[in-house]
Amino acid sequence: MTILLINGSPRKTGNTATLGDRLLTNLPYRTIHLADHQLNFVQDYRDTTHPQQDLTDDYETLMTQFAQATDIVLGTPVYWYGMTGQLKVFMDRWFDSFTNDFSFSGKRLYLLVVGADEPETKATGITQAVQESCDWLQMDFQGTATVTADGPSDVAKMAELPASVRRLRDILQQHQA
Ligand SMILES: Cc1cc2nc3c(=O)[nH]c(=O)nc-3n(C[C@H](O)[C@H](O)[C@H](O)COP(=O)(O)O)c2cc1C
């Protein structure tokens, strides 16, 4: 089944996108660049009569593609030791879907993190946020691959990727078999 790669970087051909491409080489996948889409901040309508949804942007269209995938790779550069705003806004909106009984359960999530300043130790909060969100939504978190890179072609220039990338690829391949 086609894997969905969601790139949370505004650089559509930068390190995160390239890492996703390298992770998924020769596997069936399609990419969504969040930067190509309009996404509004989530609203909290819980204590109002307004439905918990916003049909004025691209979110529901993106979730149609999300619904079709079982294996979903989220990729983000590190911004201020967290995920990018693009990915955070997208994940915040999962609350709309949750409220409207979207079927998150059973999806497998993989996380790619790329940062310049020791992301392995300084950006662990991204993994925690995604892992806890998966637990809450009953998705199966499959792990994180973290890569140190800064210039837009750094990942492209790497002869070899860290073991964590190969580990995620092995899991993806097992699920494709
Ligand atoms: C606004 C901004 C904030 C950043 N903050 C961090 C940071 O806190 N920690 C870090 O390791 N790298 C930080 N970086 C560097 C990026 O994570 C790094 O350049 C990454 O390789 C970019 O990935 P991309 O090419 O996919 O966009 C920041 C970059 C930008 C533009």
Side-chain angles (χ1 to χ4, degrees), residues 3-24 29 31-44 54 57-59 62-63 66 69 71-98 104 107-172:
I3 299 161
L4 184 62
L5 170 63
I6 299 180
N7 175 25
S9 171
R11 283 172 167 175
K12 287 164 55 179
T13 57
N15 292 316
T16 308
T18 305
L19 182 59
D21 290 340
R22 291 185 66 171
L23 172 76
L24 298 169
Y29 74 100
T31 304
I32 290 174
H33 298 284
L34 292 179
D36 284 339
H37 297 278
Q38 188 197 332
L39 282 176
N40 298 333
F41 291 133
V42 71
Q43 300 295 323
D44 185 350
D54 177 353
D57 66 2
D58 296 339
Y59 177 72
L62 295 181
M63 289 309 279
F66 196 97
D71 292 285
I72 297 159
V73 180
L74 298 180
T76 181
V78 182
Y79 276 13
W80 298 115
Y81 303 98
M83 66 182 75
T84 58
Q86 285 88 342
L87 183 57
K88 183 66 165 68
V89 168
F90 178 63
M91 286 182 60
D92 283 352
R93 293 289 296 281
W94 287 350
F95 186 66
D96 295 0
S97 302
F98 170 79
F104 287 99
K107 293 189 182 296
R108 295 184 288 261
L109 252 76
Y110 309 75
L111 179 62
L112 300 178
V113 174
V114 186
D117 178 26
E118 300 176 33
E120 286 278 6
T121 52
K122 295 189 180 180
T124 53
I126 301 174
T127 293
Q128 185 177 5
V130 171
Q131 183 162 15
E132 296 292 351
S133 301
C134 285
D135 287 353
W136 207 80
L137 292 167
Q138 297 184 307
M139 293 190 283
D140 295 327
F141 183 66
Q142 303 288 310
T144 302
T146 305
V147 174
T148 302
D150 198 13
S153 308
D154 281 358
V155 168
K157 287 182 207 149
M158 286 176 188
E160 204 175 334
L161 293 169
S164 59
V165 181
R166 292 196 298 277
R167 193 176 52 80
L168 281 196
R169 184 173 167 85
D170 286 346
I171 299 170
L172 280 155

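Predicted, not measured: the structure shown is a model, and the values here were computed from it. What you see below is based on every heavy atom in this structure, not just the backbone, and it leaves out hydrogens, waters and symmetry mates.
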Please list, one pair per line, the donor and acceptor atoms closer than 3.5 Å that link side chains of residues 83-96 to other protein atoms, with sequence neighbours excluded.
from, atom 1, to, atom 2, distance (Å)
Thr84, OG1, Gly8, O, 2.6
Thr84, OG1, Leu87, N, 3.3
Lys88, NZ, Asp92, OD1, 2.8
Arg93, NE, Asp96, OD2, 2.9
Arg93, NH1, Asn40, O, 3.0
Arg93, NH1, Asp57, OD2, 2.6
Arg93, NH2, Asp54, O, 3.2
Arg93, NH2, Asp57, OD1, 3.4
Asp96, OD1, Gln52, NE2, 2.8

* Verdict with reasoning, Thr18 to Asp154, per side-chain contact (heavy atoms from CB on, under 4.5 Å) -> CA-CA 9 Å; Thr18 305; Asp154 281 358; over 6 Å; no
Grab the two heavy atoms, one from [X] and one from [Y], that are nearest each other, plus how far apart they are.
X: Ala123; Y: Val78; answer: CB-CG2, 3.7 Å
X: Ala17; Y: His33; answer: CB-CE1, 4.3 Å
X: Thr16; Y: Gly75; answer: CG2-C, 3.4 Å
X: Ala145; Y: Ser164; answer: CA-OG, 3.5 Å
X: Met158; Y: Ala149; answer: CE-CB, 4.1 Å
X: Leu24; Y: Arg169; answer: C-NH1, 3.7 Å

* **Test side-chain contact (heavy atoms from CB on, under 4.5 Å) applied to Leu168 and Leu112, Leu161, Thr144, the passing residue** => Leu112
* Asked: Just one of Asp135, Val113, Leu74 clears the side-chain contact (heavy atoms from CB on, under 4.5 Å) bar with Val130, so which one?
  -> Leu74
* Structure fact -> So the side chain to side chain donor-acceptor pair (under 3.5 Å) pairs with at least one residue in residues 112-122 (sequence neighbours excluded) are Tyr81-Asp117, Asp117-Lys122
Hey, what do you get for [atom1] ([X]) to [atom2] ([Y]), rounding to the nearest 0.5 Å?
X: Met139; Y: Gln131; atom1: CE; atom2: CD; value: 12.0 Å
X: Tyr29; Y: Leu23; atom1: OH; atom2: CG; value: 9.0 Å
X: Lys157; Y: Asn15; atom1: NZ; atom2: CG; value: 9.0 Å
X: Leu111; Y: Ile6; atom1: CG; atom2: CD1; value: 11.5 Å
X: Met63; Y: Phe104; atom1: CE; atom2: CZ; value: 4.0 Å
X: Phe141; Y: Leu109; atom1: CZ; atom2: CG; value: 7.5 Å

Do [X] and [Y] have side chains that approach each other closer than 4.5 Å (heavy atoms only, starting at C-beta)?
X: Pro162; Y: Val147; result: yes
X: Thr148; Y: Pro119; result: yes
X: Ile32; Y: His37; result: yes

* Give the C-alpha distance, both sets of side-chain angles, the deciding distance and a yes or no for side-chain contact (heavy atoms from CB on, under 4.5 Å) between Leu34 and Leu62. => CA-CA 9 Å; Leu34 292 179; Leu62 295 181; 4.0 Å; yes
Is a side-chain N or O of [X] found less than 3.5 angstrom from the main chain of [Y], in a donor-acceptor match?
X: Arg22; Y: Val155; result: yes
X: Lys12; Y: Asp36; result: no
X: Asp150; Y: Ala116; result: no
X: Asp58; Y: Gln38; result: yes

* To do: Please lay out, stage by stage, how Arg108 and Asp71 fare under the test salt bridge (charged side-chain N to carboxylate O under 4.0 Å, His left out).
  => CA-CA 5 Å; Arg108 295 184 288 261; Asp71 292 285; 2.7 Å; yes
* Asked: Between Phe98 and Trp136, how do the two ring planes meet: parallel, tilted or perpendicular, split at 30° and 60°?
  ->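 Judged by the thresholds at 30° and 60°, the geometry between Phe98 and Trp136 is tilted.
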* Non-neighbouring partners of Phe41 that pass ring-ring contact (aromatic ring centres under 6.0 Å, His included), sequence neighbours left out ->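 ring-ring contact (aromatic ring centres under 6.0 Å, His included) check on Phe41 returns nothing, list empty.
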